[in-house]
Amino acid sequence: MKYKGIIFDLDGVLCSTDRFHYQAWQQTAREAQAPFDETVNQRLRGVSRMESLEIILEGSPLTFTQAEKERMAEEKNARYRQLLRQMTPADMTDGVRAALTRLREASLKLAVGSSSKNARFILERLEAVSYFDAICDGTQITRSKPDPEVFLKAAGMLGLPAQACLVVEDAPAGLEAARAAGMDCAGVGGADWPFAPAYALPDVTALPAALLD
Ligand code: B16
Ligand code: MG
């Protein structure tokens, strides 16, 4: 087995918070008179909060000061966190839980590598913290994906070199980050990958069979 550790992206891989991000950003876009639809929302996957705001504001006829932008991002996050309170352990499927358990039983170390500053809050809502040996999130990094920082830091927390880690990602920015970290990647979902990942899987439940069987 080439890998000793697996680093999972959170949003879009272990659970789906897309609908909450979408709802929370919708109000920001309205305030900025910017168009907002599923295509714009897709571009926000894996990208940090402030960078997401800049993408939304590309479509705005208005200009905002840095202070206004920070206020808008804060308000979005308050709406988003309010929506996240609806999440329960049922928002992480039994299939995902079974996959994580099987990988742990195969002596692989598991980590989360997420751009989100809300990652720990989400994992707590899901009652999923205990599956992981390390959690590296948006509160611990200064550069978000496609920069490799979050994955390199997660590997360090696992005590493993980059080449011993496989990243599981749903977003192009995440795939780029894994490659920049010198890590193989399993792409999940139907995104338009910027390059062919080592594994292309429908979702995380297919990972144990791909690696272990
Ligand atoms: P927050 P991931 C990313 O999480 C999301 O995909 C992305 O849409 C979001 O903007 C980013 O986290 C920052 O999230 O506002 O909660 O700090 O996919 O890297 O787990
Ligand atoms: Mg993601």
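As the structure lists them, so they are numbered: ligands from 1, and atoms in each ligand from 1. All heavy atoms count here, side chains included; hydrogens, waters and symmetry mates do not.
- Of all the heavy atoms of Ser52, the ones lying under 4.0 Å from any atom of ligand 1 belong exclusively to the side chain.
- For atom 20 (O) of ligand 1, the closest non-hydrogen atom of the protein is Ser114 OG, 2.7 Å.
- The tally of protein N/O/S atoms under 2.8 Å from the Mg ion (ligand 2) stands at 3.
- Not a single heavy atom of Gly12 sits closer than 4.0 Å to an atom of ligand 1.
- The salt bridge (charged side-chain N to carboxylate O under 4.0 Å, His left out) test with Arg45 is passed by exactly one of Asp9, Asp18, Asp11: Asp18.
- Nearest protein neighbour of atom 3 (C) of ligand 1, counting heavy atoms only, is Asp11 OD2, 3.7 Å.
- Within 6.0 Å of NZ in Lys69 there are more than 12 heavy atoms belonging to other residues, nucleotides or ligands.
- What sits closest to atom 15 (O) of ligand 1 on the protein, heavy atoms only, is Arg49 NE, 2.8 Å.
- Using a 3.5 Å distance cut-off with no hydrogens or angles, the side chains of Gln27 and Glu31 do not pair a donor with an acceptor.
- A search for ring pair (Phe, Tyr, Trp, His ring centres under 6.0 Å) contacts involving Phe36 returns Tyr22, not counting sequence neighbours.
- Here is the list of ligand 1 atoms found below 4.0 Å of a heavy atom in Leu10: 20 (O).
- We find that Lys145 and Glu51 are not joined by a salt bridge, their nearest charged nitrogen and carboxylate oxygen being 4.0 Å or further apart.
- For atom 8 (O) of ligand 1, the nearest protein heavy atom (residue, atom name, distance) is Leu44 O, 2.9 Å.
- A salt bridge links Arg179 with Glu176: the closest approach of a Lys/Arg side-chain nitrogen to an acidic carboxylate oxygen falls below 4.0 angstrom.
- No more than 12 heavy-atom neighbours from other residues, nucleotides or ligands sit within 6.0 angstrom of CG on Asp192.
- Between Phe132 and Phe8, the angle of the ring planes goes over 60°, which puts this pair in the perpendicular group of the 30/60° scheme.
- For the pair Arg81 and Phe121, the cation sits on the ring face: its NZ or CZ lies under 6.0 Å from the ring centre, inside 45° of the axis.
- The protein non-hydrogen atom at the shortest distance from atom 9 (C) of ligand 1 is Val47 O, 3.2 Å.
- Under a 4.0 angstrom heavy-atom cut-off, Lys145 registers as being in contact with ligand 1.
- Among protein heavy atoms, atom 6 (O) of ligand 1 sits closest to Gly46 N, 2.7 Å.
- The shortest contact between atom 18 (O) of ligand 1 and any protein heavy atom is with Asp9 OD1, 2.8 Å.
- Atom 19 (O) of ligand 1 has its closest protein heavy atom at Ser115 N, 2.8 Å.
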message: Show, in sequence, the C-alpha distance, side-chain angles and deciding distance for Leu53 and Lys76, and conclude whether the side-chain contact (heavy atoms from CB on, under 4.5 Å) test is met.
response: CA-CA 9 Å; Leu53 176 64; Lys76 180 270 174 180; over 6 Å; no

